[in-house]
Amino acid sequence: MYWIAFISFILMNYKVASKISNKNLEEILIIGFTIYTSSVILTGYGLSAFGLWNSRILWAIIPFFITSLTYYFFQRPVFAFEMEHISAFKVIGSAIQTTHQTYSKLSGIERFIFACLFWSFLIICVLQTSLVFNSPPNEWDSMTGHLNRVIYFLKRGTMSHFIGTNWNIDTYPRSFCSLQVYPFLMSGYNEYLFKLPNIGSYWILSFGIYGILKNLGIKFKTRLFLSIIFLFLPNVLMQSITTETDIVLAAYLCTIVYYLVAYKKQEKTIYLYLAGLTFGLALSHKITFVFSFIPLLILYAYCFMPAIKKRALFVIKHIFIAHFLGAVLYVAATGYIANYIHYGHPIGPPTATQHQSVERAGSLGNLLIQGSRNVVRYGFDLFNFDGLRNIMVVEKLNHAMKAPFRVIDQGLHLGLEKVTEFTIIPFTFDKRFEYFNGSPIYGSIFIFLVLPSLLMFIRRPNWTLGLFSLAFSIHFATLAFTAAYDPWKGRYMISSAIYLFPVLTYISSYIFERKQHFISSIILGFVVVIISLSAILTLGLNIRALPFNAYGKKSILELDRVAALTINRPDITKAYQNFEKLVPINATVALGTINDDFEYPLWGAKFSRKLIPLNPFEQGIQAIPSEAQYLFFSKNVFQPQNGDIRLGTDTTMVEGVLVRGEDYYLRKLH
């Protein structure tokens with residue numbers, strides 16, 4: 001019954017989207033995504049307020065009513081005259097027909113390019129499907145914070161203020177929890193479905209890029225090519241199979257930009273409201289959305305100014321109302337206000353804000369120096385064959401490619417590698433395998449498509465594409481100046497790519513609008529093959545989720561659940577396996593753990609254990625409650641006693657270990 005409700009709700013959202021605006025396929029999918037996320041998030045806020053966040057039956061019913069209210073809202077007279085009524089089947093049929101007609105007219109090199117992309121994408125889809133629906137989530141922050149807190153909230157029935165071991169549990173915005181828990185509950189506690197928002201966002205990004213380019217007047221072959229290439233970005237591919245949050249934020253941003261350029265082209269008030277509501281969704285999702293405030297302000301001015309000149313009062317009034325609604329509906333309850341009440345800051349306590357913030361730089365003068373260094377550092381992080389680097393011979397080539405830059409760094413005393421005061425993890429030209437494998441950025445797409453496009457832009461500037469270039473530059477600089485350097489931050493550049501991709505129309509137009517000579521055809525074909533291989537290898541050789549045996553390691557599909565969950569921390573796998581063997585599935589376990597410890601695996605495969613944190617963030621050690629039957633602890637939190645069982649953390653392991661695991665013990669209390 002719950003599966004039926006879940007699928008019916010998804011179909012209902014796209015039915016409503018087709019009623020609101022049935023202009024084209026990509027718009028139906030984009031608006032459907034906005035309505036779906038909006039309804040689920042509002043359902044989560046409402047159920048949490050009444051302590052019913054864990055009610056499957058209410059989760060199965062209430063989202064339908066919220067989507068219905070959304071539909072009635074968009075039936076208001078201000079939108080009604082803008083509606084277009086076209087059969088959804090006609091829209092789909094038209095899209096298929098257009099694609100077929102275009103393909104039949106392609107030249108030889110164009111057919112090769114699209115055939116290569118199509119077959120590569122087919123392989124990628126097979127890999128994604130296998131990994132998403134056959135392996136548990138194992139991303140670090142989810143094991144310590146994001147998914148762990150979802151289970152805590154389910155046990156408590158509410159997302160209200162709760163201090164767990166990891167600071168993310170209480171201080172991180174809460175809207176995404178609802179998007180994760182909804183399919184989880186509807187599927188009967190299937191943890192694989194925690195990844196559904198990510199794989200859904202992956203598809204929305206492609207349709208969003210296509211729609212943005214279409215509204216900018218870009219030709220069909222170019223926008224089809226770039227919308228596929230976006231799906232081949234290594235960092236986008238990597239996050240599509242995880243439970244990390246940045247790809248979902250990028251999907252929100254992509255839909256906002258789509259609504260903006262659609263409004264500029266058609267000046268329909270509905271796009272204005274959809275942009276305002278999605279702005280609220282994005283801000284409720286993650287505070288790093290503020291990186292896009294200035295870039296979006298530029299695009300707002302570009303897209304709204306022509307309409308404001310015609311009817312200023314009407315447009316400004318509805319811009320304000322739309323964004324006010326987005327803030328009230330989605331941002332108010334997400335946790336920023338609660339953080340301010342409890343910690344005096346909307347992000348959280350000083351420990352959280354200072355760890356990865358502008359405050360680490362000290363004075364303004366030092367920030368300018370260190371931020372400038374970070375711009376160069378992240379620039380060099382882009383200039384890599386990420387994805388392909390998973391093959392050692394390419395990594396050696398990548399190392400050789402960086403040799404001149406090392407000489408420049410040392411000769412000019414730039415301090416890119418030596419100065420570490422505004423870094424989380426010090427910068428190196430040769431990142432260790434775990435970093436470039438786990439958080440790749442743009443890879444060969446940057447080298448072969450982005451750089452030539454930027455050079456072409458310099459030679460032939462374009463006003464509209466110049467604004468997108470400026471938006472990208474500001475977003476990139478904001479990342480560099482507002483927080484210390486961290487090689488994992490490449491994932492934030494998924495959002496940067498949304499501003500960047502319209503500029504790639506330069507190279508795409510060169511490919512599809514000029515007659516190619518034999519040599520240039522070979523070069524273009526080679527580039528597409530390299531990009532396709534990079535995409536396949538990004539997933540195929542991802543150490544966190546190997547679809548088949550590689551690197552002398554087993555496929556994640558062959559591992560037991562605990563080994564798969566702790567694959568990022570091989571030194572603790574045995575300890576967690578022993579815990580699973582010794583502790584009953586319905587036991588109450590007190591936790592003497594630290595901020596970096598993986599708590600999510602301790603709930604058990606059926607999530608039937610009860611966990612009680614004894615070392616809550618910045619609260620000090622708490623007394624062991626009488627209801628606890630077992631104590632799971634690190635010897636750095638509690639001292640072992642006679643009779644305690646050492647669970648078996650390998651304290652000597654070095655290879656593949658980023659943060660050493662604690663030495664874990666188990667104590668039976670009664």
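Predicted model, so just to flag it, every value in this text is computed and none were measured.
- With hydrogens and angles ignored, the 3.5 Å screen pairs a side-chain donor or acceptor of Y45 with a backbone N or O of Y330.
- Between F427 and Y485, the distance separating the two ring centers is shorter than 6.0 angstrom.
- Using modelled atom types, no side-chain atom of N542 and backbone atom of T538 make a donor-acceptor pair closer than 3.5 Å.
- Salt-bridge check for E244 with R544: passed, with a basic side-chain N closer than 4.0 Å to an acidic carboxylate O.
- The shortest distance between side-chain heavy atoms of Y36 and T67 does not fall below 4.5 Å.
- At least one side-chain heavy atom of H285 sits under 4.5 Å from a side-chain heavy atom of T245.
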**OP:** Quick one: do T505 and L213 satisfy side chain to side chain contact (heavy atoms under 4.5 Å, CB included)? Show the steps, please.
**Re:** CA-CA 9 Å; T505 55; L213 297 175; 4.0 Å; yes

**OP:** Apply side chain to side chain contact (heavy atoms under 4.5 Å, CB included) to R174 and F153, showing your working.
**Re:** CA-CA 10 Å; R174 289 164 169 75; F153 292 161; 4.2 Å; yes

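- Counted by atom type alone, Y600 and E191 present one or more donor-acceptor pairs between their side chains at under 3.5 Å.
- To the nearest 0.5 Å, the span separating CZ on R432 from CD1 on I425 amounts to 9.0 Å.
- With no hydrogens or angles considered, a side-chain donor-acceptor pair links E599 and N148 at under 3.5 Å.
- Aromatic ring centroids of F121 and W203 lie under 6.0 Å apart.
- Between the side chain of N374 and the backbone N or O of A480, at least one donor-acceptor pair lies under 3.5 Å.
- Residues W53 and L154 meet the side-chain proximity criterion, which asks for heavy atoms closer than 4.5 Å.
- In this structure a side-chain-to-backbone donor-acceptor pair under 3.5 Å is missing from S292 to L253.
- Listed here is the closest heavy atom pair of L283 and Y336: O-OH, 2.7 Å.
- Between F436 and F433, the distance from one ring center to the other falls under 6.0 angstrom.
- Between R149 and D170 no salt bridge is recorded (no basic side-chain N to carboxylate O distance below 4.0 Å).
- Of all the heavy atoms in T171 and P349, the pair that sits closest is CG2-CD, 3.7 Å.
- N198 places a side-chain N or O within 3.5 Å of a backbone atom of T242 that can act as its donor or acceptor partner.
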**OP:** Please report the C-alpha distance between S284 and T334 in whole Å, then the side-chain angles of each, then the deciding distance to 0.1 Å, and finally whether the side chain to side chain donor-acceptor pair (under 3.5 Å) criterion is met.
**Re:** CA-CA 6 Å; S284 76; T334 201; 4.7 Å; no

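- Closest heavy-atom contact between I241 and A545: CD1-CB, 4.3 Å.
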**OP:** Carefully, step by step, assess L272 and L260 under the rule side chain to side chain contact (heavy atoms under 4.5 Å, CB included).
**Re:** CA-CA 7 Å; L272 192 155; L260 292 178; over 6 Å; no

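- Under the 6.0 Å distance and 45° angle rule, K489 does not count as a cation-pi partner of Y378.
- For N384 (side chain) and D386 (main-chain N/O), no donor-acceptor pair under 3.5 Å exists by modelled atom type.
- Annotation: the span from L231 atom CG to S120 atom OG amounts to 12.0 Å, rounded to 0.5 Å.
- Separation of atoms OG (S227) and CD1 (I209) is listed at 8.5 Å; rounding is to 0.5 Å.
- Side-chain contact between V331 and I337 is absent, with no heavy-atom pair separated by less than 4.5 Å.
- Cation-pi contact between R569 and F598: present, with separation from the ring centre below 6.0 Å and deviation from the ring axis of at most 45°.
- Around atom CD1 of I294, no more than 12 heavy atoms belonging to other residues, nucleotides or ligands sit under 6.0 Å away.
- Summarising the local packing, CZ of F320 is surrounded by 12 or fewer heavy atoms from other residues, nucleotides or ligands at distances under 6.0 Å.
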**OP:** Could you walk me through whether I229 and L117 pass the side chain to side chain contact (heavy atoms under 4.5 Å, CB included) test, one step at a time?
**Re:** CA-CA 8 Å; I229 288 294; L117 293 178; 4.0 Å; yes

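- Smallest separation of non-hydrogen atoms from G490 and N235: O-ND2, 3.4 Å.
- With contacts defined as side-chain heavy-atom distances shorter than 4.5 Å, the pair V132/F194 does not qualify.
- In this structure, the side chain of N190 does not engage the main chain of F184 through any donor-acceptor pair within 3.5 Å.
- Relative orientation of the Y499 and H475 rings is tilted, given thresholds of 30° and 60° on the angle between their planes.
- No donor-acceptor pair closer than 3.5 Å links the side chain of N13 to the backbone N or O of G32.
- The OH atom of Y189 lies 10.5 Å from the OG atom of S187; values are rounded to the nearest 0.5 Å.
- For the pair F476/L382, a side-chain contact is recorded, criterion being any heavy-atom separation below 4.5 Å from C-beta on.
- A distance below 6.0 Å separates the ring centres of Y182 and F9.
- In this structure, F304 has its ring center at least 6.0 angstrom away from the ring center of H318.
- Among all heavy-atom pairs drawn from S439 and P487, the shortest one is OG-O, 4.0 Å.
- The only option from F501, Y210, Y202, Y442 that meets the ring pair (Phe, Tyr, Trp, His ring centres under 6.0 Å) definition with F230 turns out to be F501.
- Inspection of the T222 and S508 side chains reveals no N or O donor paired with an N or O acceptor under 3.5 Å.
- No side-chain donor from either of K195 and S142 sits under 3.5 Å from a side-chain acceptor of the other.
- Under the 6.0 Å cut-off for aromatic ring centres, F289 and F293 qualify, their centroids lying closer than that.
- Checking I30, I31, T34 one by one against T278, the side chain to side chain contact (heavy atoms under 4.5 Å, CB included) holds for a single residue, T34.
- The environment of Y340 atom OH is sparse: at most 12 non-hydrogen atoms of other residues, nucleotides or ligands sit within 6.0 angstrom.
- How far OG1 of T243 is from CG of L193: 12.5 Å, rounded to the nearest 0.5 Å.
- A donor atom on one side chain and an acceptor atom on the other are found under 3.5 Å apart for Y302 and T464.
- In this structure, a donor-acceptor pair under 3.5 Å is present between the side chains of D246 and Q239.
- At a threshold of 4.5 Å between non-hydrogen side-chain atoms, the residues F33 and S201 count as touching.
- Within the 4.5 Å cutoff, the side chain of L147 has no heavy atoms near those of the Y152 side chain.
- Between W59 and M186 the shortest heavy-atom distance is CB-CE, 3.7 Å.
- Interatomic distance, CZ of F481 versus CG of L479, reported as 11.0 Å (0.5 Å rounding).
- Side-chain atoms of S240 and Q128 include a donor-acceptor pair closer than 3.5 Å.
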